[in-house]
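Reading through the structure tokens given below for one structure.
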Amino acid sequence: MPDIPTNTNIFLVGPMGAGKTTIGRQLARQLNRDFHDSDRVIEERTGADIPLIFEKEGEAGFRKRESAIIDELTQLDNIVLATGGGAVLDEHNRAHLAGRGMVVYLSSNLASLLERTRKDKNRPLLHAEEPPEVILQRLLEQRDPLYRQCADVVIDTSRHSIRHVIKAIIQHLEHD
Ligand code: S3P
């Protein structure tokens with residue numbers, strides 16, 4: 001096992017379909033750390049899935065729950081955390097992420113994001129009147145600067161294999 005600081009949290013940010021959950025889970029397994037996914041924790045605590053939360057409480061209600069969970073999870077030690085694609089919208093979330101761990105922005109091009117979210121039914125923001133490519137493009141334009149603002153490292157997941165991405169994150173952690 002390489003010489004990896006054991007108290008550095010790893011927080012994954014990036015758009016829907018960038019691979020945060022898949023990469024986060026595998027990374028945590030390799031590093032023998034606990035993995036958390038903020039969306040799953042929100043669903044467990046609420047007893048409702050994300051689409052139902054959006055339906056009953058609107059996006060604002062979901063964001064409130066998201067902020068509380070991000071604040072809580074970022075206070076843990078030695079974890080890998082996958083955040084929801086909109087977590088960086090809130091400045092307090094950004095500060096908690098940037099201040100309490102190493103933030104990895106998993107970036108991706110539009111085509112890959114579209115492909116990876118194509119069959120998804122669990123992302124209410126993509127099920128609106130406009131086509132998903134228009135929505136995803138707009139979200140990317142709005143959020144890319146925010147992801148970059150809090151990131152320590154940016155890795156393009158549309159150009160690299162999962163194995164390569166995980167290796168790059170671990171290398172960054174070793175040299176931090
Ligand atoms: C959202 C992304 C989703 C989830 C919610 C809102 C967003 O998470 O938090 O549907 O605003 O981009 P993933 O990025 O894990 O899909």
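Residue indices begin at 1 and follow the sequence shown.
- No donor-acceptor distance shorter than 3.5 angstrom exists from the side chain of Thr8 to the backbone of Gly101, with no hydrogens or angles considered.
- Using a 4.0 Å cut-off between charged nitrogen and carboxylate oxygen, Glu57 and Arg65 count as a salt-bridge pair.
- Note that the CD1 atom of Ile166 and the CZ atom of Arg29 stand 9.0 Å from one another [nearest 0.5 Å].
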From CA spacing to verdict: side-chain hydrogen bond (donor to acceptor under 3.5 Å, both in side chains), Asn109, Ser112: CA-CA 6 Å; Asn109 62 31; Ser112 306; 2.8 Å; yes
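- Between Arg100 and Asp71 there is a salt bridge, with a side-chain nitrogen of the basic residue lying less than 4.0 Å from a carboxylate oxygen of the acidic one.
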Could you go step by step and tell me if Val153 and Ile169 meet the side chain to side chain contact (heavy atoms under 4.5 Å, CB included) rule? CA-CA 8 Å; Val153 54; Ile169 296 173; 5.9 Å; no
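- Between Asn93 and Thr83, the closest side-chain pair of non-hydrogen atoms is not below 4.5 Å.
- His127 meets the ring pair (Phe, Tyr, Trp, His ring centres under 6.0 Å) test with no other residue; sequence neighbours excluded.
- Glu130 CD to Leu125 CG: the interatomic distance, rounded to the nearest 0.5 Å, is 11.5 Å.
- Shown here for Asn9 and Thr74, the closest heavy-atom pair between the two residues is ND2-O, 3.8 Å.
- In this structure the side chain of Arg123 never reaches within 4.5 angstrom of the side chain of Ile50, judged on heavy atoms.
- The pair Glu141-Arg138 does not count as a salt bridge, with every side-chain nitrogen at least 4.0 angstrom from each carboxylate oxygen.
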Check the pair Leu89 / Gln142 against side chain to side chain contact (heavy atoms under 4.5 Å, CB included), numbers first and verdict last. CA-CA 9 Å; Leu89 291 170; Gln142 287 168 349; 5.6 Å; no
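- Within the 4.5 Å cutoff, the side chain of Asp34 has no heavy atoms near those of the Asn78 side chain.
- Atom CG in Leu73 sits 11.0 Å away from atom CD in Glu66 (nearest 0.5 Å).
- Taken from CG in Asp90 to CD1 in Ile70, the straight-line distance is 9.0 Å, to the nearest 0.5 Å.
- Under a 3.5 Å cut-off, the side chain of Thr117 and the backbone N or O of Asp120 do not form any donor-acceptor pair.
- Every residue two or more places apart in sequence or in another chain that forms a side chain to side chain contact (heavy atoms under 4.5 Å, CB included) with Glu91 is listed here: Arg94.
- No continuous path of hydrophobic side-chain contacts links Val41 to Leu52 [ILVMFWY only; heavy atoms under 4.5 Å].
- Asp37 places no side-chain N or O within 3.5 Å of a backbone atom of Thr21 that could act as its donor or acceptor partner.
- Residues Leu81 and Arg33 form no side-chain contact, since every pair of their non-hydrogen atoms from C-beta on lies 4.5 Å or further apart.
- For the pair Ile155/Ile23, no side-chain contact is recorded, criterion being any heavy-atom separation below 4.5 Å from C-beta on.
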In sequence, state the C-alpha distance, the side-chain angles, and the governing distance for His172 and Val104, and then conclude on side chain to side chain contact (heavy atoms under 4.5 Å, CB included). CA-CA 10 Å; His172 202 273; Val104 180; over 6 Å; no
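- Side-chain contact between Cys150 and Val88 is present, with at least one heavy-atom pair separated by less than 4.5 Å.
- Gly84 approaches Asp39 most closely through the heavy-atom pair CA-OD2, 3.9 Å.
- Residue Arg40 is tested with Glu44, Glu43, His36 for a side-chain hydrogen bond (donor to acceptor under 3.5 Å, both in side chains); the sole match is Glu43.
- Considering every non-hydrogen atom in both Arg116 and Gly19, the closest pair reads NH1-N, 4.5 Å.
- Follow the hydrophobic side-chain contacts under 4.5 Å out from Leu173 and you never reach Val103; the two are in separate clusters.
- A distance of 11.0 Å separates CD1 of Ile10 from CG of Asp152, quoted to the nearest 0.5 Å.
- Of all heavy-atom pairs between Phe35 and Ala28, the closest is CB-CB, 3.6 Å.
- Two residues are said to be in side-chain contact when any heavy atoms from C-beta on lie closer than 4.5 Å; Leu139 and Pro15 fail this criterion.
- Pairing each heavy atom of His96 with each of Phe11, the nearest pair is O-CE1, 4.3 Å.
- For Arg159, the side chain to side chain contact (heavy atoms under 4.5 Å, CB included) partners are Asp156, not counting sequence neighbours.
- Met102 and Val154 end up in different hydrophobic clusters when Ile, Leu, Val, Met, Phe, Trp and Tyr side chains are linked at under 4.5 Å.
- Minimum heavy-atom separation, Ile53 to Ala48: CD1-O, 3.8 Å.
- Counting heavy atoms from C-beta outward, Leu106 and Tyr147 have side chains that stay 4.5 Å or more apart.
- When the side chains of ILVMFWY residues are joined at heavy-atom separations under 4.5 Å, either directly or via intervening members, Val134 and Leu113 end up in two distinct hydrophobic clusters.
- Rounded to the nearest 0.5 angstrom, Gln30 CD and Asn32 CG are separated by 11.0 Å.
- When hydrophobic clusters are built by joining Ile, Leu, Val, Met, Phe, Trp and Tyr residues whose side-chain heavy atoms come closer than 4.5 Å, directly or via intermediates, Val80 is grouped together with Ile162.
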